[in-house]
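In what follows, residues are counted from 1 in the order of the sequence shown.
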Amino acid sequence: MRIFNIILASTFLVGMALFSWSCVGEDVTARQQTTAAATLEPLPDTVYLRGQQPASLTFEIETPNGSGADRIEKVDFYKTIKLPTNKEDSFDISQETFLTSVTQVPSQLEMTVQDLITGTAYSTENEIPGGAIWDVRWEITLKDGKLLRPTDTTEIDFRCPSNLLDSPNEVATYLASHNGCQAEPVNVTIERDTLSAETNKYLISDIAAGYVIDCNGEPNFRLPFGFSETCGIISKESKSFVSRRFAIIEGSTWDDATKTLKIIWTNPLDGQTITSTFVKQ
């Protein structure tokens, strides 16, 4: 599930979760012969941030108590990239391709961004869309020929350092306007969502930029909205109510060069689709 700037070392231990592994193919007997010596914990989920150094992600691969490694011939790793679409929680999923192979246990597995994007339409990390996720799975080949694989995968989540705010505690003012019956732009605020442990989640005081007030005659009516931003892509984190109905978020973008946020949404009161534009002051 993320060249990158985080070196992460994690030991793969064998726990009590042998039931979470299965064999490739239809050999039921082989599936029932999974043993502790041939079982590895799932790789830890990871976040990659664009533009940081060092440029690799390193994992430690071990068997429990150092025993049973002589039963393993190799561990193969495979990758799939998932790209976000305009639909909520929807991804375009690539065909699975080979990532790398480890022939000694214990050992280390090192991945770079180039390893992950090889075979895709991208050549550098600057081309990777925000919100992209790599799914990494692995298979264990035993020396007796049996092939084992986990039912779980690892997510490597690709993000960019977010610049909506100049500092984590800033409450920033944005001049907001929309493309319908608005007399004057209004000021709204954007601040970090302090209830979240992640720094790329935000709260905006009014996604409608005054549209509901100006066009629907709802006095003092604001639409607060929670969202996350990565590499210019906006993802919805909370829903906004308009007279007990939800505003429908159609699409949103952040342009770091112009410090401009755009949120496209449909107003349930009149069915109009509005583009609200926010420029940092």
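Atom CD1 in Ile133 sits 12.5 Å away from atom OG1 in Thr154 (nearest 0.5 Å). Atom CD1 of Ile274 is separated from atom CG of Asn267 by 7.0 Å, given to the nearest 0.5 angstrom. Expressed to the nearest 0.5 Å, how far OG1 of Thr275 lies from CD1 of Ile264 amounts to 4.5 Å. Considering OG1 of Thr173 and CD of Glu191, their distance stands at 10.5 Å, rounded to 0.5 Å. In this structure, the separation between NZ on Lys74 and CD1 on Ile72 is 13.0 Å, given to the nearest 0.5 Å. Taking NZ of Lys280 as the start and CG of Leu165 as the end, the distance is 5.5 Å to the nearest 0.5 Å.
In this structure, Asp255 and Ala257 approach most closely via the heavy-atom pair OD1-N, 2.9 Å. Residues Ile190 and Ile204 approach most closely at CG1-CG1, 3.7 Å, considering heavy atoms. Taking both residues in full, the closest heavy atoms of Leu83 and Ala132 are given as CD2-CB, 3.8 Å, listed atom of the first, atom of the second, then distance. Residue His178 comes nearest to Cys215 through the heavy atom pair CE1-SG, 4.2 Å, listed as atom of the first residue, atom of the second, then distance. Taking all atoms of both residues into account, the shortest heavy-atom contact from Cys181 to Asp214 is O-CB, 3.3 Å. For Val102 against Ser107, the heavy-atom pair with the smallest separation is CG1-OG, 2.8 Å.
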Report task. May I have the step-by-step check of side-chain contact (heavy atoms from CB on, under 4.5 Å) for Glu125 and Gln114, ending in yes or no? Result -> CA-CA 8 Å; Glu125 66 171 352; Gln114 194 59 47; over 6 Å; no
Requested in this report: Apply side-chain contact (heavy atoms from CB on, under 4.5 Å) to the pair Asp115 and Leu99, showing each step before the final yes or no.
Outcome: CA-CA 7 Å; Asp115 294 327; Leu99 176 58; 4.0 Å; yes
Report task. Determine, stepwise, if the pair Tyr211 / Trp265 fulfils ring-ring contact (aromatic ring centres under 6.0 Å, His included). Result -> CA-CA 11 Å; Tyr211 177 86; Trp265 60 284; 5.7 Å; yes
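Lys262 places no side-chain N or O within donor-acceptor distance of the main-chain N or O of Ser276, the cut-off being under 3.5 Å. Between the side chain of Arg159 and the backbone N or O of Asn200, no donor-acceptor pair lies under 3.5 Å. In this structure, the side chain of Thr260 engages the main chain of Thr258 through a donor-acceptor pair within 3.5 Å. A distance-only check finds a donor-acceptor pair linking the side chain of Trp134 to the backbone of Leu116 [under 3.5 Å]. Side-chain atoms of Lys201 do not come within 3.5 Å of backbone N or O of Leu195 as any donor-acceptor pair.
Environment of CD in Gln281: crowded, with over 12 heavy atoms of neighbouring residues, nucleotides or ligands closer than 6.0 Å.
Defined by atom type and a distance below 3.5 Å, a donor-acceptor pair is present between the side-chain atoms of Glu250 and Thr266. For the residue pair Thr277 and Ser177, no side-chain donor N or O sits within less than 3.5 Å of a side-chain acceptor on the partner. Between the side chains of Asp206 and Tyr174, no donor N or O sits under 3.5 Å from an acceptor N or O. Between Asp76 and Ser101, the side chains place a donor N or O and an acceptor N or O closer than 3.5 Å (distance only, hydrogens not considered).
Contacts of Ser94 classified as side-chain hydrogen bond (donor to acceptor under 3.5 Å, both in side chains), with partners at least two apart in sequence or in another chain: none.
Remark: of the listed residues Ile249, Val188, Leu261, Ile249 is the sole one forming a side-chain contact (heavy atoms from CB on, under 4.5 Å) with Ile207.
Residues Tyr78 and Ile61 fall into different hydrophobic clusters, defined by Ile, Leu, Val, Met, Phe, Trp and Tyr side chains chained together at heavy-atom separations under 4.5 Å. The hydrophobic cluster containing Val279 does not contain Tyr202, counting ILVMFWY residues as joined when their side-chain heavy atoms lie under 4.5 angstrom apart, directly or transitively.
Under a 4.0 Å N-O distance rule, the pair Lys82/Asp135 qualifies as a salt bridge. Of the charged side-chain nitrogens involved, at least one lies within less than 4.0 Å of a carboxylate oxygen, so that Glu96 and Arg137 count as a salt-bridged pair.
Under the 30°/60° scheme for interplanar angles, the aromatic rings of Trp138 and Phe77 are found to be tilted.
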